[in-house]
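Only one structure is covered here, and it is reproduced in the block below.
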Amino acid sequence: MKELKQQKMTYRQAVREAMREAMIKDDRVFLMGEDVGLYGGCFNVSEGMLEEFGSERVIDTPLSESGFTGAGIGAAMGGMRPIVEIMTVNFSLLASDQIINTAAIQLYMSGGQFNVPLVIRMATGGGKQLAAQHSRSLEGWYAHIPGLKVLTPATVEDARGMLWPALEDPDPVLIFENTTLYNYEGYMPDNGSIVDISTAKVRRNGADVSIITYGIGLHKSLEAAGILAEEGIEAEVVDLRVLRPLDNETIFKSVSKTHRAVIVDEGWRSGGISAELSSRITEKLFYELDCPVERVCGAEVPAPYARHLEQASLPQPEKIAETIKQMGGLHG
Amino acid sequence: MKELKQQKMTYRQAVREAMREAMIKDDRVFLMGEDVGLYGGCFNVSEGMLEEFGSERVIDTPLSESGFTGAGIGAAMGGMRPIVEIMTVNFSLLASDQIINTAAIQLYMSGGQFNVPLVIRMATGGGKQLAAQHSRSLEGWYAHIPGLKVLTPATVEDARGMLWPALEDPDPVLIFENTTLYNYEGYMPDNGSIVDISTAKVRRNGADVSIITYGIGLHKSLEAAGILAEEGIEAEVVDLRVLRPLDNETIFKSVSKTHRAVIVDEGWRSGGISAELSSRITEKLFYELDCPVERVCGAEVPAPYARHLEQASLPQPEKIAETIKQMGGLHG
Amino acid sequence: MGNYRMGTPKKTASKKTTEKKAVSAKPGKSEKIHLLTQMIRIRQMEEKTYEMYTKEKIRGFLHLYDGEEAVAVGIIENLDKEDGIVSTYREHGHALIAGMSMNSIMAELYGKAEGCSGGRGGSMHLYDKKTNFFGGSAIVANGLPMAVGLAMAYKMQNRNSISCCFFGDGAVDEGEFHESMNLASLWNLPVLFVCENNFYSMGMPFELAQAETDLVKKANAYKIEGAAVDGMDVMAVYDASVKAINYIREQKKPWFLECQTYRFRAHSMFDPERYREKDEVKEWKKRDPITTFTSRLQEEGLLDEDELNEIKKRVAEEVEESVEFSEKGTDEPIENLTRFVYSDEPKTLNKSK
Amino acid sequence: MGNYRMGTPKKTASKKTTEKKAVSAKPGKSEKIHLLTQMIRIRQMEEKTYEMYTKEKIRGFLHLYDGEEAVAVGIIENLDKEDGIVSTYREHGHALIAGMSMNSIMAELYGKAEGCSGGRGGSMHLYDKKTNFFGGSAIVANGLPMAVGLAMAYKMQNRNSISCCFFGDGAVDEGEFHESMNLASLWNLPVLFVCENNFYSMGMPFELAQAETDLVKKANAYKIEGAAVDGMDVMAVYDASVKAINYIREQKKPWFLECQTYRFRAHSMFDPERYREKDEVKEWKKRDPITTFTSRLQEEGLLDEDELNEIKKRVAEEVEESVEFSEKGTDEPIENLTRFVYSDEPKTLNKSK
Ligand SMILES: Cc1ncc(C[n+]2csc(CCOP(=O)(O)OP(=O)(O)O)c2C)c(N)n1
Ligand SMILES: Cc1ncc(C[n+]2csc(CCOP(=O)(O)OP(=O)(O)O)c2C)c(N)n1
Ligand SMILES: [Mg+2]
Ligand SMILES: [Mg+2]
C-alpha cells in the first residue's frame, strides 16, 4: 500500500494552496479583492500569489465591495471562474445587493439560462477584539437566501478541499473562513483531499448527545466533548460544513442515535441558523428526543472590544459542556 | 359613556394619518425617501403630504438608499426624528451597511452616549407578481440583528398606532408594511389608538391550536381559523406585531393553553423567524406540546412572476388549515 | 449634439437583429428603413403590452419604452452578436432589438412557460442567452457592475467583444454607478455605458436629483470620455454609437453615452403622474423619434406611403402573432416551482480537469 | 497649495481644545505654539499606544496617525464646539483635538470601564457626546452619510453649525462617498468633507485605486467646490480650513478639502508593509509636520529650546497620566455585557407631547 504522506500546514496555507492549485489547474480562475495582491491579503492568505500569477489574475481592487462583487458576477457569467474575496463578512453588507439581488437569482429569473459560477470568500467571526464592525458571524444569516450555497470549512482539509468543488459548482458559493482559524494547524494528505460540499461530517463519535456545529464552533465543541468524556458523557460532534443546503440526513442520523442535541453557533441566537437546526431536528425527531434541543450561541450584542466582555459573549467549551450536563436524563 | 366613534380607512390611509399626526405633533419629525413627495409615494402612501408640509419636511431623495438612510441616522443623532422610507425591503439591501453597521450599533459602540432615534419604513412581501427583486419578506431576517427593533403592523389600527411610539423610541425601529395590506380596510377609533410596540396580541381565541403569525400572515391565518372552525377546531391566532424583541410571554401563554403551535410566515422557511419561534416554543414548552411545532412558510424560491407559481409559493389559508388538521391528536 | 465624425465599427452587420439586416456606418436607404422598422416594432409591441395589461393578461409592473425607441435601435444595431447587453426593467425594446423574438418576450409578459424565462421573470426580467442579453434588472444601477465584469471576462479571454449597459438617469445617483465607472476606467475595460436620460426617475425630476446635471462631466471625473446625444433622433444616436463602439474597440477603454430622451407614458402602470405637466409631455411628443424619422425619410424621398404602410402591416402581424403565441401558451407546471433555484447539473466533482 | 485668502471664521476660539486656547485666523505666537503643542500631543499619545500595544495592554486593530497630525490640528482647531465631527478608525488624533481627554481615550484603548465607551468600542470607536465627536467608524466611507444627516439636522434647526467629516483616500472609491457628495451638494448642506489622502488604502496605492487622481475635480463633478492642500504643513491646513469653514457658514454649502499627507507607520499593527519602499517613507519623514513646523517656529524666533522642552515635558506628563489612569482602570462588569444594545430609557409612550 502506498504510504499516505501527511503534510502539516495552517488553515491559512491551506486556503492559499487551494487557490494556487485552482489557478494552476484552470486558467479561468482568478482572484479579486481588496489588498489580495500587493499587501498579500488582509489576513496574509494570498501572500506571494501576485508574484506567482501576476496582476491580471490576482487583482487588487479599489474599496468598492458592490462594484467588484458585481464585477465578479459579470465575469462569471462571461465565462470566467472568479474568486472574489471580501475581507470580512461585515463589509459584505455593502455588497449584499449584488449577492442577494443579483447572484442568488439570475438563474431563476432567467428561467435557467444564466447561472453564476462565482465563489465569494470572506472572513467571519469574532474573538479577536475587533469590536462590533469587524466581528460578526453572518454565515447563518446568508444561509437564509435561496440560490446561495454557504460553506464553512472548519478544518485544514476542508479549507483546502472545498474550494475546487465550489469553483466547479455552477451556482454562487459563499465560503466563510473564521479568522480565528487562520493560524490553526492540521495535517492533510500531500495533494490535498477530495472533499464534497454537500455533506456534514461526524468528527467525533458518541452515544449520549449530538453537538451540531460548524466553523470555529467545531473546535470548541470538540474541547467540550473532551471535558464531558472525563465525566463519562460521550458526545458526538457533527460538523455541518455546509449551511445551505443543510445535510439533514447526517444530522438526523446522529440525533436519532443520541436522542439529544445541542447546537453550537458563534452567531447570534435569535433567528440564527441554530434556530433552523433546532426546528428541523424537532420537527423530524420530536418523538425520539429525550429533551428539548438546546442552543449555545453568541450573546445578542454587537461585539464588544474589551477581552473579558467579548469572551463572555462567545460560546465557550465550558459553557457547552455545562449545558449538556444540565440536559435531562444524562448519566455521567 | 362617550360614544366611541369608529372611522373606516385603508391601511394606506392609516399609515399616512400616522405620519401626518406625528409631523403635526412634533416638528422634529420629517419624512425622507424616494418619491415620497412629488410622486406621492410609490404606493401612494404619502399623497398630499408634500403639499401639506412642504419640501423641507417631505423630502424627495435621489436614488441613494445608503446615502439617505445614513443621512437619516445622522439627522436623528443631530436631534431630529426622521422617518426614512425605503420603497421596498429589497432595495434596503443597498442600505444594509447603514442599517446594520451604523444604526444598530452606535449606542453600543459609544457606550450609551449616542442613541439613534430613527424610524425606517419599508414595504415588504409578495403576492403582486412583481418577481424576485420586488417580493421578498425580509423582516424576519432583519430581526436577527441586535440593536434593531422590528415592527410588523397587520391591522389598520397598528399601522396608525405604531408609528408614534416608534418615533418616541430612542433606538432605531424598522416598520414593515406588507404591500398587499395597503388596500385593506378596517375600522378604528376616531383619533387613532394608543398601541404599544412591545407586545403580541391574541386576535382570535381558541383552545385547540395556536397559530403564531404576523403581517399578511395574520389575515391568512384568520381565514384558516374560519375554515377550521367549521370543522370544530378552534384555533387561537397570535399576531406577533413585533419581531424583535419577541414577546415570549404572550406566545408561551397561548401555546401553554393549546399545546399545539403552527407558525405562519410568508418569508422563507430555512433560517427564518419561523425557526426562531418554533425553537423558542419548543425550548420552553417541550413537555407541554402534544406534537411538534409546525411551520407554514413561503417556498424557498426567488419569487416567480407568473401568478400560479407565485401563489403556489405563498402560504395559503387552505394550506394552513390542512397542516393543522394533520397535527396529532386533534379532534374535529 | 449628434455631429460626430463617422467611423466604421469593427463589425457593421447588425447581427443583433432577428432579420440580420446589414447596416453600415453610412447607412443607405435600406439600412435607414431598417432602423425605422425596428423602432416601429418596439412601439407597436409596447402598445400591445399596454393593451394586454389593461386586459389583465399581463400583470405586475410594466414599464414601457414609448418615446425612447431611438436609443435602443441606434445603439444595439451597431453591436456585434457576441457583445453583451445588460439592461433594466424598462428593457422590452433592448431585448427585441438584441434579437429576441417577440413571441418569447410577449409570452414571458404573459407569464407563460414559452416565455424566455418560463414565466419566472416577467416584464422586468427578460433574458436571452443566445443573443447575449444578460437581462433586465429591476434594482436601479445594479446592472452596471455586471457589465464591468462581463467586460473583464471579454478582456481576459482576448475577445474583442464589448459590454453595453443601459441604465436610467436615476441610476447615476446610486453608489454602484460610481464604483462601476471607476473600475471600468481604472482597468481599461470595454464597456459602453449608456445613460437613457429621460429626465425623471419615477417622479423625481432629473435636476432635483443631480447636483451636476452635465453627465459627461461626471463621466470625465472618472477619466471616462463620452458624449451627450439627442436621444430622440435615431441617426444621431446611431452615429454616436458608431463613434463610441469604435473608440471602445480601438482604445480598449470605456465610453459614456448620455442619450437625452423622454418617456411618453407613465413610469409604470401604477403611476398617477402628478409630477409633470401634460404640456411637457405634449412638447416632447413633437420630437417623437418615429414620426420625426419617418418624415425625414419621406422628405429625403427614401420612403413612400406604401412602403410605410407595408412596414406597419408586417409589424402588426408580428405583434398579433406574438399575442396568439402567448394566448396559446401553457403554464409552467407548479411542480417546477423550485426548478432553477439551483442548477440542475449535479455536482461536477469528478469532471475536474 | 496653502496660499489662501485669509478670512475670519465665525468663531475663532478653539472651543474644541481641552485647553480652550484662542486661535485667530492670523495666528500669533501663542496660537502657533498651541498648534505645535496639539500635534505633539497626538504624536506622543500615538507613540505610547504603539508601545502599549507591543506590551499587549491594547489589542485588536490599532491604526496610528503619526505623520498626519497637521490635518487634525489644522482643521479641528478652527471648528466650533457645536460643530459635529465624524471620523474613522484612525481617529485618535481627531478625538484628542476635538477635546476628548487623553485619559478617556487611553482607557478606551485599554478596554476599561473608564474609557469613553466603557471598553465596548476600543481604538476604532471613540465617541464623545460632550464635544460632538460622533465617533470613529471602521467601515470605510460609512461616516459620510452620517455627516450629511448631521448637517441636515443643523440646517433644519437653523443652527449655524457645520459637520466635519474625515475620511481616507480609500473612502473615495466607495459608493457611499458618491451618494453623500451628491446629497450634500444638492441640498446645500454645511458639510466639510476632509479627505486625508495618505496615498494608500491599506496596501493599495492611491493611483491604482482611482482612475482620476485629482480629487478636487471629483468633488467638482458634484458641483462641490474644494481645494487640495499640503497636509504636512499645519499652517497650510489651518489656512485652508479657515477658508473652507467660512465658505460653508457663509455660502451654506459643502466644501471638499483634500489634505495630502502620509502615514509614517504601517496601516495597522498587523501590516507587513510589502507595498511600499522604505525610502519612500524616509522621503516623507523629511516633511514631518512636527519637526518642520518646529524648525519654522524656531527660525521665526517664536520658540526656543526651553519652551520646546517644556511643551514636550508637559505632554509627556499628560501621556504618562493617561497610562496610569488606564492601568488603574476597572473592567466593565460582565453583567453589563448586554447594556446599551438598547437604550435603558423605558418606552416613552406616555411622555408624548
Ligand atoms: C435600488 C432601487 N431603488 C428604487 C427602486 C424603485 N424604482 C424603480 S424604477 C425607479 C426610477 C428609476 O429611474 P431611472 O433610472 O431614471 O430609469 P427610468 O425608469 O426613467 O427609465 C425607481 C426609483 C428600484 N427599483 N431600485
Ligand atoms: C467597507 C470596508 N472595506 C474594507 C475595509 C478594510 N479596511 C480597513 S481600513 C482600509 C483602508 C482604508 O484606506 P483609507 O480610506 O485611505 O484610510 P487610511 O487607512 O489610509 O487612513 C481597508 C481596506 C473596511 N474597514 N471597510
Ligand atoms: Mg429616468
Ligand atoms: Mg489612505
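Only the side chain of B:Arg136 has a heavy atom closer than 4.5 Å to any heavy atom of chain A. Proximity to chain B involves both the backbone and the side chain of A:Arg280, based on heavy atoms less than 4.5 angstrom apart. The part of B:Arg244 that comes within reach of chain A is its side chain, from C-beta onward, which places non-hydrogen atoms under 4.5 angstrom from that chain. Contacts between A:Val293 and chain B at a heavy-atom distance below 4.5 Å involve the backbone alone (N, CA, C, O). Using a 4.5 Å cut-off between heavy atoms, A:Leu289 contacts chain B through both its backbone and its side chain. For A:Ile100, the parts lying under 4.5 angstrom from a heavy atom of chain B are both the backbone and the side chain. With a 4.5 angstrom heavy-atom cutoff, A:Tyr287 touches chain B only via side-chain atoms.
For the atom pair CD1 (B:Ile73) and OG1 (B:Thr102), the distance works out to 5.0 Å, reported to the nearest 0.5 Å.
When ring centroids are compared, A:Phe176 and A:Tyr214 stay outside the 6.0 Å threshold.
Comparing B:Gly271, B:Pro304, B:Ala303 by heavy-atom pairs within less than 4.5 Å of chain A, the highest count is held by B:Gly271. Of the listed residues B:Ser270, B:Gly267, B:Pro245, B:Ser278, the one with more heavy-atom pairs under 4.5 angstrom with chain A than any other is B:Ser270. The residue among A:Gly272, A:Ala143, A:Gly147 with the most heavy atom pairs within less than 4.5 Å of chain B is A:Gly272. Between chain B and the residues A:Leu138, A:Ile281, A:Val301, the most heavy-atom pairs under 4.5 angstrom are made by A:Val301. Between chain A and the residues B:Met109, B:Glu294, B:Gln133, B:Arg295, the largest count of heavy-atom pairs under 4.5 Å involves B:Arg295.
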*Can you check salt bridge (charged side-chain N to carboxylate O under 4.0 Å, His left out) on A:Lys149 and A:Asp169, steps first, answer last?*
CA-CA 9 Å; A:Lys149 293 187 181 168; A:Asp169 197 287; 2.7 Å; yes

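For the 3.5 Å distance criterion, the side chains of B:Ser210 and B:Thr258 qualify, holding a donor opposite an acceptor. Checked by atom type, the side-chain pair A:Tyr142/A:Ser92 shows a donor-acceptor distance below 3.5 Å.
Here A:Lys325 pairs with A:Glu322 in a salt bridge; the nearest charged N to carboxylate O distance falls below 4.0 Å.
No more than 12 heavy atoms of other residues, nucleotides or ligands lie within 6.0 Å of CD in A:Glu249, so this atom counts as exposed by the packing criterion.
Without hydrogens or angle criteria, A:Ser66 side chain to A:Ala95 main chain gives no donor-acceptor distance under 3.5 Å.
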